[in-house]
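Atoms within a ligand are numbered from 1 in the order they appear, just like the ligands themselves. Predicted model only: the values in this text are computed from it and were never measured.
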Amino acid sequence: MPIKKEAQPKFSIIAPVFNEHECLSEFYSRICSVMDMTHSSWELVFVDDGSTDGSTDLIRALAKKDKRVQPVIFARNFGHQIAVTAGMDYSRGQAVVVIDADLQDPPEVILDLIAKWKEGYQVIYAVRRRREGESWFKLFSASLFYRLIYRITDVKIPLDTGDFRLLDRKIVNIMGSMRERHRFLRGMASWVGFRQIGVEYDRKERFAGQTKYPFSKMLKLALNAVTSFSYFPLQLATYIGFIAAGLSILSIPIVILLRIAFHEAFLGQATTLIAVLFLGGVQLICMGILGEYIGRIYDEVKGRPLYVVSEPASKEQTR
Ligand code: UDP
Ligand code: MG
């Protein structure tokens, strides 16, 4: 890992940034006042995920003024989960806090997370008790998403938790060695194990600007979560196959009986067409599901780095 020269700070705060210039100064000062209360050394790793609104220059300026600020600037937008991954790769603290830069996760909650870490927990995730200022659609889709993931995945991912959490160095190192590219970090943290606990908090409104998670990105994250931690969609094809085959086997004697006993013939055309179209549709959906998994295998096999950084410039610009 590139930055390793100076003494290891006690805490690392990782904030992914994608076009958040209106939030950055306020975020920085809130983090400073909270972290100074800990009387421990800390660093703030800003991962600039290809911002185009001047956030990059703001981060550079903050880093120039304050040596505790570590800028990691991406060569383009790689997405939130990858930005957090890069932050973890570049972080050096004994405990690492992942927090959004838009102040929806109040920095003051970090003190509660740290208290639990000192009690001996390795993963302390922040559970959303209430969410303010978000559309009903976001609340509904998020709630549905958390419950669906909980039901069908093999690892138990706690409900109503985002990426706002504290991770012990041990966990960060293990997650850093998991280089899968379609990442669902919450699931990966649950998968690692050790002692994990939740701390409740009220999620606030965005300080400024709009969400950087449009529906398409949310859908992508949901698909990554499902495919990374469950074979259920693949097994679905088997279940549907058994049901369809079972029904058609059952219908053979019924049709023969009706024909012999009651001389009733099925007027076939419409029923046949509907059956053919229905099964054709089911088959295409199953092929699509297969395709989702095969595409992901292909991405893994290519073995590309997860991201490319333009700063800090070093020999190792990809990881
Ligand atoms: N973000 C990012 N890359 C992206 C999208 C978002 O680094 O492609 C950052 C964003 O700047 C913010 C955090 O991830 O700090 C959470 O994003 P956002 O607040 O837009 O998501 P929401 O809270 O609406 O789910
Ligand atoms: Mg937000």
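- For the residue pair Asp105 and Tyr201, a side-chain donor N or O sits within less than 3.5 Å of a side-chain acceptor on the partner.
- Considering backbone and side-chain N/O of Ala83, none are found under 3.5 Å from N/O of ligand 1.
- Taken from CZ in Arg183 to OG1 in Thr85, the straight-line distance is 4.0 Å, to the nearest 0.5 Å.
- Residue-ligand proximity, Lys217 to ligand 1, at heavy-atom distances under 4.0 Å covers atoms 4 (C), 5 (C), 8 (O).
- The contact set between ligand 1 and Tyr213, taken as ligand atoms under 4.0 Å from a residue heavy atom, comprises 17 (O), 20 (O), 21 (O).
- For Arg195, the CZ atom is densely surrounded, since the number of other residues' heavy atoms within 6.0 Å is greater than 12.
- Defined by atom type and a distance below 3.5 Å, a donor-acceptor pair is present between the side-chain atoms of Arg169 and Ser91.
- Remark: ligand 1 atoms within the under-4.0 Å shell around heavy atoms of Ala101 are 15 (O).
- Note on Asp102: its N/O/S atom closest to the Mg ion (ligand 2) is OD2.
- Using 4.0 Å as the threshold, Gln210 has no heavy atom nearer than that to any atom of ligand 1.
- Here is the list of ligand 1 atoms found below 4.0 Å of a heavy atom in Val17: 7 (O), 11 (O).
- Protein heavy atom in closest approach to atom 1 (N) of ligand 1: Phe18 CB, 3.7 Å.
- Given atom 3 (N) of ligand 1, the protein heavy atom at minimum distance is Asp49 OD2, 2.6 Å.
- Summary of contacts: the protein heavy atom closest to atom 14 (O) of ligand 1 is His80 CD2, 3.0 Å.
- Counting the atoms of ligand 1 from 1 in the order shown, those under 4.0 Å from a heavy atom of Thr211 are 20 (O), 21 (O), 22 (P), 24 (O).
- By the 6.0 Å and 45° rule, Arg76 stacks over the aromatic ring of Phe78.
- Between Lys220 and His182, the closest side-chain pair of non-hydrogen atoms is not below 4.5 Å.
- Of the heavy atoms in Asn19, none comes closer than 4.0 Å to ligand 1.
- Of the N or O atoms in Pro16, one or more lie within a sub-3.5 Å distance of an N or O in ligand 1.
- Not a single heavy atom of Gln81 lies less than 4.0 angstrom from ligand 1.
- Residue Gln104: an N/O/S atom is found under 2.8 Å from the Mg ion (ligand 2).
- Looking at Glu20, Lys138, Gln104, Lys212 and measuring to atom 6 (C) of ligand 1, the nearest heavy atom belongs to Lys212.
- For the pair Arg206 and ligand 1, a heavy-atom separation below 4.0 Å is found.
- Taking a 6.0 Å sphere around OH of Tyr213, one finds it holds more than 12 heavy atoms contributed by other residues, nucleotides or ligands.
- Between Phe46 and Phe27, the ring planes lie tilted relative to each other; the angle falls in the 30° to 60° range.
- A donor and an acceptor atom, one from each side chain of Gln8 and Arg92, are nowhere located under 3.5 Å apart.
- The protein heavy atom nearest to atom 19 (O) of ligand 1 is Asp102 OD2, 2.6 Å.
- Gln210 CD: 12 or fewer foreign heavy atoms inside a 6.0 Å radius.
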Step-by-step side chain to side chain contact (heavy atoms under 4.5 Å, CB included) determination, Leu103 to Lys204: CA-CA 7 Å; Leu103 289 167; Lys204 301 282 179 234; over 6 Å; no
